[in-house]
Amino acid sequence: MTTAIEQTVETYGIENWGAGYFDVNRKGNLIVHPVENDSRAADLKEIIDDLRRRGITTPVLLRFPQLIAGQVRKLQRAFSKSIREFEYQGAHMCVYPMKVNQQRAVIEEYLREGTRYDFGLEAGSKAELYAALAMDQSSDSLLVLNGFKDEEFIKLAFIGAKAGKRIVIVIEKLSELDHILRISEDYEGALPMVGMRVKLYSKGSGRWEKSGGEAAKFGLTTTEILEVIGRMREADRIDMLKLLHFHIGSQLTDIKRIKNAMKEAARVYAKVRQMKVPIDLLDVGGGMAVDYDGSKTAFDSSANYTAQEFANDVIYTIKTVCDDENVPHPTIIQESGRYLAAYHAIIVTNVVDEIETVVEDISPMEIEDDDPQVVVELGDLRETISVKNYREYYHDALEHREELFTLFNLGLISLEDRAKGEVLFWDVCERADKYAQAAKYISEEFDDLRRLLCAKYLTNFSVFRSVPDHWALDQLFPIVPIHGLNKQPTEYATLCDITCDSDGIVDKFVDLHDVKQVLELHKLTPGEPYYLAFMLVGAYQEVMGNNHNLFGTPNEAHIWIDEEGYLIRKVIRGTTVGQAAERARYERGLLHDGFRRQVAQRVKDEELSEAEAAEIIDYYESRYDAYTYLAVNGDEGRGKRRRE
Ligand SMILES: *Cc1c(COP(=O)(O)O)cnc(C)c1O
C-alpha cells in the first residue's frame, strides 16, 4: 500500500531529480539532506517559519553549502574510481568556472572541500580573475583563464603567477599570444602556463550545441594551433605551453556526443605531444549535465548518463587514444560548474492568491424567457451535456460564444446578457472538461481546454530574477510545495509572477515522460500561507537574473544541517526598494529632495498642512528600506481577483 506521502513524492518526481538530497518527512514537509539519504535533515517549512519570525519574508534564497561539498565529492570519487579501474596514469583535477555562480559563499565552500583534491578555479573575465586571485587555493591547484583577453587581462595573469598561483592562460585568439610573448620578454620570475583552446569538429547536444563544431565562437583552428606552436618555439617559450583545452557546451545531454569529442580531443593532444611540445594537461571543459526532470534521457533538461559513466567514458577514451599513439596519459582538467552548483540553492516563496480567468457565476443564474436566443441555447447546452455528447456540445458552445460577442459588438445585447452568456459558456467548458478527463483518450483540444481552465497561482517572485533560464530557454526546474505533502494535491495550476510582464509565467513543469503543462498543487486556504520551492537553481540563475520591474535580489539564508536539524548561519537581506531604484540611477538624496520639493509646493498652495506634509514625507522616506516583493501579512490581499 502506498501512503499519501509516497504518492506526492511520486507526483513531484522528487526521487527522480533529487539526487538523494531531498525527501518528505512524516509531517509532510520537504526536507534537505546534507549527503545523499543521510539521517540528518533540515525541514524547509521550519526554516521558513523561523526566518519569518526574524522578519525575513519570502521570497528567500536558501543556500545549503553542504550540497556543494557533496557534489564535489561525488565528482571526485567518480573520477578516482575510473582512474583506478582503467589504470589511468594521469590525475584528475577540477577547476570551477566562476561564471556559473560567483557568489563568494559558493566559491569559499567549493574551495573548502575542493582543496583536498587540488580543485581550483576557472575565470573568464578580468573581474572574475581579480576576485579569484585573492582566494586561498591549494598550491597544486590551477587557475585557468578562458575567454577573450586584452593585454591588461594577461598582465594581471602574470602578476598572479608571481603571487604564487598556478595560472594557465588559455589562448582563444592569436592576438592573445602576441600579448603573452611581449609581456614575457622582459619579465623575471614565475611564468604562467599557456594553453590552447581547440575548435573541435565534434559538437555537443542539447541547447548549447552551437558552442562546439567548426562554426563555434571560441577556439583555434588547426592551422592556428600549428602557428602558436611555431611562434612559441621561435620565441624560446615552448616550455610555457602546457595545456590543451576544449569545451563543447553546457548541459550536454547525450553521452555519445561527449565520447566523440573526447576521441577527437585526445587525438589532437597526442599529435601535439608528438611534436615535442611539453603539454601534459588536457582540459575537457564543462558540460556535465544536471538531470532537472529526472527522466535520465537526452532531453534538454535531462542527461542520459551518470557522473560515473561520464568519468568512465572520459578516462577510457583518453587512455585508449594515448596508448594507441604512444604518448603519456595527461592530467585531466575538468571545468564542471552546473553539476557542482545547481543543487545547493532553493528559492522558496509564497503563493499570494489565485487569479481568476474563467468567468464564474456570482449569484445563482436563472434563464428567463426573454433572454436572447443565444443565452437560452447556451443554457440548454449546460443542462443537457453528457458523456455521450460533450465533444459536440463543446463545439456548439464555442460557436455560441462567437455569436455572443458579435451580437454585443453590434449593440444588439446588453452587458448583462453578455455576462450571462459568458458564465454559461464556462460552465459548459468545465463540464466538458470533466467528461474529457474521464475518457480513456484525451484529444488535444481538451488538453488546451484544461490549460485554459486551470488555476493561475499568483506567486511572489520574478521569473526574470530567479529562474531567468525558464523564461529565456524554456529550461525546466522542479517546483514543489514545501508543506502539506501528506495530502494529495487536488488542483491543476500554472504560476504567474508579480512582474508586469506576460512572459512572467511558469507553465512548463518537469515530468518523467513529457513536459507537464500544469502542475498539481493544493487548494489555497484563505489566511494560510502556501509555500513553493523552486529547486536546483544554484547554477547560472542567480547571476543571469535581472532587475526587470526593479525586483531586487531576494532575502538569503545560509543553512547548515546537523544532527539537531538546521542552523541558520547567515542571513543577508535582499535588495531594498531604495537600492533597487538606485540601480537605475535614482540616488536617494535626489529622490528625497524631489519628493520634499513637491510636498513643499502643496503646503505653500495650502493643499496640505505642515503636519500632513511631515507625515507623508516620513512614510515616503521610510520606504527606502522596504523589500521589493509583496509583503506577506496574513489575510491581506486575499480574496479572489478577477481579470479579463
Ligand atoms: C560555461 C563554461 C563552463 C561550465 O560549463 P558547465 O556546463 O556549467 O559545466 C566550462 N568551461 C567553459 C570554457 C565555459 O565557458
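Bear in mind that the values here come from a model prediction, so they are computed numbers and not experimental data.
Minimum heavy-atom separation, F64 to V32: CZ-CG2, 3.9 Å. The shortest heavy-atom contact between V480 and L30 is CB-CD2, 4.3 Å. Taking all atoms of both residues into account, the shortest heavy-atom contact from L550 to A581 is CD1-CA, 4.1 Å. Of all heavy-atom pairs between H548 and D501, the closest is NE2-OD2, 2.7 Å. Between A493 and L521, the shortest heavy-atom contact is CB-CD1, 4.0 Å. Here the shortest heavy-atom pairing between Y627 and V577 reads O-CG2, 3.7 Å.
The aromatic ring centroids of Y292 and W17 lie 6.0 Å or more from each other. The six-membered or imidazole ring of F461 lies near that of F534, with a centre-to-centre distance under 6.0 Å.
Taking 4.0 Å as the cut-off between side-chain N and carboxylate O, K456 and E354 do not count as a salt-bridged pair. A salt bridge links R63 with E542; the closest basic N to acidic carboxylate O contact falls under 4.0 Å. A salt bridge between E520 and K516 is present, with a side-chain N of the basic residue lying under 4.0 Å from a carboxylate O of the acidic one. Contact check on E430 versus K434 returns no salt bridge, with no Lys/Arg side-chain nitrogen under 4.0 Å from an Asp/Glu carboxylate oxygen. Look at D49 and K45 and you find a salt bridge, because one of the NZ, NE, NH1 or NH2 atoms lies within 4.0 Å of a carboxylate O, short of that distance.
Put simply, CD1 on I56 and CD1 on I47 are 13.5 Å apart, with the number rounded to the nearest 0.5 Å. In this structure, L398 CG and C429 SG are separated by 6.5 Å, a value rounded to the nearest 0.5 Å. Annotation: the span from D469 atom CG to Q475 atom CD amounts to 5.0 Å, rounded to 0.5 Å. The line from CG of D433 to CG of L453 is 5.0 Å long, rounded to the nearest 0.5 Å. For the atom pair K256 NZ and T253 OG1, the distance stands at 10.0 Å (nearest 0.5 Å).
Of the possible polar contacts, one joining the N555 side chain to the G574 backbone as a donor-acceptor pair under 3.5 Å is found. A donor-acceptor pair under 3.5 Å is absent between the side-chain atoms of E556 and the main chain of L61, judged by distance alone. Judged by distance alone, with hydrogens and angles left aside, the side-chain atoms of Q251 form a donor-acceptor pair with the main-chain N or O of S302 at under 3.5 Å. A donor-acceptor pair under 3.5 Å links the side-chain atoms of D371 to the main chain of E368, judged by distance alone. In this structure, the side chain of T306 engages the main chain of E309 through a donor-acceptor pair within 3.5 Å.
Side-chain contact check for I482 versus Y530: every heavy-atom pair is 4.5 Å or farther apart. A 4.5 Å side-chain heavy-atom check between V463 and V506 finds at least one atom pair inside the cut-off.
Other residues, nucleotides and ligands place more than 12 heavy atoms under 6.0 Å from the NZ atom of K296.
Each of V515, N304, D514 was checked for a side chain to side chain contact (heavy atoms under 4.5 Å, CB included) with F299, and the lone residue meeting it is V515.
Listed by chain and number, the residues in a ring pair (Phe, Tyr, Trp, His ring centres under 6.0 Å) with Y531 are H483 (sequence neighbours excluded).
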Under the criterion side chain to side chain donor-acceptor pair (under 3.5 Å), I'd like the reasoning laid out for D507 against Q517: C-alpha separation, chi angles, the key distance, then a yes or no.
CA-CA 6 Å; D507 58 359; Q517 313 281 350; over 6 Å; no
Test salt bridge (Lys or Arg N to Asp or Glu O under 4.0 Å) on D448 and R451; report intermediate values, then the result.
CA-CA 5 Å; D448 295 343; R451 229 167 304 145; 3.0 Å; yes
Determine whether D50 and R54 satisfy the following criterion, salt bridge (Lys or Arg N to Asp or Glu O under 4.0 Å), listing intermediate values before the conclusion.
CA-CA 7 Å; D50 198 342; R54 301 180 191 197; 3.6 Å; yes
Is there a salt bridge (Lys or Arg N to Asp or Glu O under 4.0 Å) between K420 and E416? Walk through the geometry before answering.
CA-CA 6 Å; K420 229 179 202 182; E416 284 82 4; over 6 Å; no
Let me see the working for E46 and K27 under salt bridge (Lys or Arg N to Asp or Glu O under 4.0 Å), right down to the final yes or no.
CA-CA 11 Å; E46 282 179 18; K27 286 187 209 156; 2.7 Å; yes
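Annotation: cation-pi pair R401/F425 present, NZ/CZ under 6.0 Å from the ring centroid and within 45° of its normal. Judged by the 6.0 Å distance and 45° axis criteria, R623 is positioned over the aromatic ring of Y619.
For residues 439-459, the pairs satisfying ring-ring contact (aromatic ring centres under 6.0 Å, His included) are Y390-F446, Y394-F446, with sequence neighbours left out.
N25 and D43 share a donor-acceptor pair across their side chains, judged by distance under 3.5 Å alone. For the residue pair R40 and H33, no side-chain donor N or O sits within less than 3.5 Å of a side-chain acceptor on the partner. Side chain to side chain, R465 and N546 fail the donor-acceptor criterion of an N or O pair below 3.5 Å. Y492 and Q437 are not linked by any side-chain donor-acceptor pair at a separation below 3.5 angstrom, with hydrogens and angles left out of the test.
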